[in-house]
Novice: 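Take a look at this one; I'll ask things after.
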Number of protein chains: 2
Amino acid sequence: MTLPPLCEAFVLHFGEMGSRWGINRTVGQIYAVLFIAERPLCADDIVERLGISRSNVSMGIKELQSWNLLRQRSMPGDRREFFHTPEDIYAIVRTLVDERKKREIDPTLSVLRELLMRSPESESERHAQARIREMHELIELLTSWYADVQKLETERLIQLLSLGSKIVKVLDMKDRLFALPGGKRNPAGKEG
Amino acid sequence: MTLPPLCEAFVLHFGEMGSRWGINRTVGQIYAVLFIAERPLCADDIVERLGISRSNVSMGIKELQSWNLLRQRSMPGDRREFFHTPEDIYAIVRTLVDERKKREIDPTLSVLRELLMRSPESESERHAQARIREMHELIELLTSWYADVQKLETERLIQLLSLGSKIVKVLDMKDRLFALPGGKRNPAGKEG
DNA sequence: CTCCATTTTCAGAAAAATATGAAAATTCAG
DNA sequence: CTGAATTTTCATATTTTTCTGAAAATGGAG
């Protein structure tokens, strides 16, 4: 690896983390290198920085592209392709979450739904279905929350995240305000 | 595998998903079996249901225990240990998130912090640090949001999730209400 | 303590995932 | 078109992870 110490440490950690996330170490390292690079890099730049084979880089890039995580740029008078990550880190996280959802949550939801449609043929299947239903409902709740929050501009999202659970106080306040005239109007906290 | 078809389908899918989450297939399957079981199971019950070796089950259980995902129970007059998952699925998710945070986010934060303390020794290190700083800030934001929301009772959490981004409207309302008397009082949306 | 049921450990087998180099394919200037 | 530069593919080598059976450890009951 031919990276300055600080960069090397980052890249190594990122690779390590990647491997706990079901992404392979090398792919994680390639991403890390691109993330901190000052300029778009071509495949051979990555080969040099990570000291891995050209073909490995090629496959890693392909993998990252399939996750929509890379931008591509070609320089005039140079046949090589140059890769970089989006500037906006919020955009990166959105992509990451969207892709994981697409690959993991959506297929799971559809399997769970299919299982919930079946008629249980024994007591144990009946019980399994009840558990699966709980899981399905929870995932639906989280998913629809995400679908909703995803639409916010970054500005708003940050505002919301910064508030954290203090939001609950705001909610209480709202409830109290609107509850004054005619008693409990909306006890479950749901809106139209 | 000796499971009714519905259970088998669930267990297989769960194992498959587990392997994308850095958990190995078998461990995922063991968890799935326990999750849908009608009663606590002993290691041999799992051996029978999944058709894997006793030692594999033993290691899988150990792994799940290290994640705090299992409850244990012993039956009077029976020396075997029986395992089950918590009833409350929200509690399960909380545990899961807590553990992942502990193992993945916390170490990453500390590495990033350490890297940010160093003095960059080149332009490329300076740039890397700037990128790392952005990442660090984003993770801090998400983490502190989670730390905050984690404290809510399940009831409240569901309420919050159900609202989704509609919460922003409530915020706007609040801002407008309190802005009336004396102009912009809290433009950044932060409280406390 | 001994005995026996049970669980855990662990070295090595088996399987799966990754990495490589060589060859094939692509791309584009001339 | 040709040919050089570059990228991709793919069979196989390498490494890593997972799984197993045998042996060791544990933990009560008697």
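Letters A, B, ... mirror the listed sequences (proteins, then strands); counts begin at 1.
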Novice: Is Tyr31(A) close to Leu70(A) at the side-chain level, that is, under 4.5 Å between some pair of heavy atoms?
Specialist: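 With C-beta onward as the side chain, the pair touches.
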Novice: Output a table of nitrogen or oxygen pairs between the protein and nucleotides 9-12 of chain D separated by less than 3.5 Å.
Specialist:
unit_1, atom_1, unit_2, atom_2, d
dT9(D), OP2, Lys62(A), NZ, 3.2

Novice: Could you tell me how far apart Leu50(A) (CG) and dA19(C) (P) are, to the nearest whole angstrom?
Specialist: 11 Å
Novice: Which residues in residues 22-39 of chain B have at least one heavy atom lying under 4.0 Å from any atom of DNA chain C?
Specialist: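 Per residue number, the list is empty: none.
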Novice: Answer yes or no on whether Arg103(B) is positioned over the face of Trp67(B), meaning its NZ or CZ is under 6.0 Å from the six-membered ring centre and within 45° of the axis.
Specialist: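 Yes; both conditions hold, so Arg103(B) lies above the ring face of Trp67(B).
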Novice: In whole angstrom, what separates Ile46(A)'s CD1 from dT6(D)'s C1'?
Specialist: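 It works out to 14 Å between those atoms.
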Novice: How close do Glu134(A) and Glu87(B) get, heavy atom to heavy atom, and via which atoms?
Specialist: OE1-O, 3.9 Å
Novice: Fill in the dot-bracket string of DNA chain C, one character per base: . for unpaired, | for a pair to another strand, ( ) or [ ] for pairs within the strand, taking Watson-Crick or G-U pairs under 3.5 Å.
Specialist: ||||||||||||||||||||||||||||||
Novice: Got a donor-acceptor contact below 3.5 angstrom from the Asp45(B) side chain to the Cys42(B) backbone?
Specialist: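 Yes: the side chain of Asp45(B) pairs with the backbone of Cys42(B).
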Novice: Nearest heavy-atom pair of Ile61(A) and Ala43(A): which atoms, and what distance?
Specialist: CD1-CB, 4.4 Å
Novice: Given the ring of Phe35(B), does Arg131(A) sit roughly above its face, with NZ or CZ under 6.0 Å from the centre of the six-membered ring and within 45° of the axis?
Specialist: yes
Novice: Atom CD of Gln72(A) and atom C1' of dT7(D): how far apart are they, to the nearest Å?
Specialist: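 The answer, rounded to whole Å, is 11 Å.
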Novice: Taking atom C1' of dA19(C) as reference, at what distance in whole Å does atom CD of Glu63(A) sit?
Specialist: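 It is 14 Å, rounded to the nearest whole Å.
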Novice: What heavy-atom pair brings Leu69(B) and Pro86(B) nearest, and what distance separates the two atoms?
Specialist: O-CD, 3.7 Å
Novice: Restricting to non-hydrogen atoms, name the atom on Arg94(B) and the atom on Tyr146(B) that form the minimum distance, rounded to 0.1 Å.
Specialist: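 That closest heavy-atom pairing would be O-OH, 3.8 Å.
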Novice: Got a donor-acceptor contact below 3.5 angstrom from the Gln129(B) side chain to the Arg118(B) backbone?
Specialist: yes
Novice: Could you tell me the separation between the CG atom of Leu41(A) and the P atom of dT7(D), rounded to a whole number of Å?
Specialist: 13 Å
Novice: Please find the pair of heavy atoms, one from Leu6(B) and one from Leu115(A), that lie closest to each other, and give the distance.
Specialist: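 Nearest pair, atom of Leu6(B) first, then Leu115(A): CD1-O, 3.4 Å.
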Novice: Within this structure, what is the CG-to-C1' distance between Asp78(B) and dG28(D), rounded to whole angstrom?
Specialist: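 Checked: the CG to C1' distance equals 12 Å.
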Novice: Between Arg20(A) (CZ) and dT16(D) (C1'), how many Å, whole number?
Specialist: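 Taking CZ of Arg20(A) and C1' of dT16(D), I get 16 Å after rounding.
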Novice: Can you name the atoms? Protein N/O to nucleotides 27-30 of chain C N/O, anything below 3.5 Å, with the distance.
Specialist:
unit_1, atom_1, unit_2, atom_2, d
dT27(C), O2, Arg79(A), NH2, 2.7

Novice: Scan for side-chain hydrogen bond (donor to acceptor under 3.5 Å, both in side chains) pairs involving residues 12-22 of chain A, sequence neighbours excluded, and state none if there are none.
Specialist: His13(A)-Thr108(B), Glu16(A)-Arg25(A), Trp21(A)-Glu104(B)
Novice: Of all residues at least two apart in sequence or in a different chain, which pass the side chain to side chain contact (heavy atoms under 4.5 Å, CB included) check with Thr143(A)?
Specialist: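 For Thr143(A), the residues satisfying side chain to side chain contact (heavy atoms under 4.5 Å, CB included) (neighbours in sequence not counted) are Lys101(A), Ile105(A), Leu109(A), Ile139(A).
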Novice: Could you tell me how far apart Asp44(A) (CG) and dT6(D) (P) are, to the nearest whole angstrom?
Specialist: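 Atom-to-atom, Asp44(A) to dT6(D), this comes out as 8 Å.
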Novice: Examine the side chains of Asn24(B) and Glu63(B) and answer whether a donor and an acceptor come within less than 3.5 Å of each other.
Specialist: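 The answer is no; no qualifying pair exists.
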Novice: Identify, between Ser53(B) and Phe83(A), the residue whose nearest nucleotide on DNA chain D lies closer to the 5' end.
Specialist: Phe83(A)
Novice: What are the two closest heavy atoms between Gly60(B) and Val27(B), and how far apart are they?
Specialist: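 Where Gly60(B) meets Val27(B) most closely, the heavy atoms are CA-CG2, 4.0 Å.
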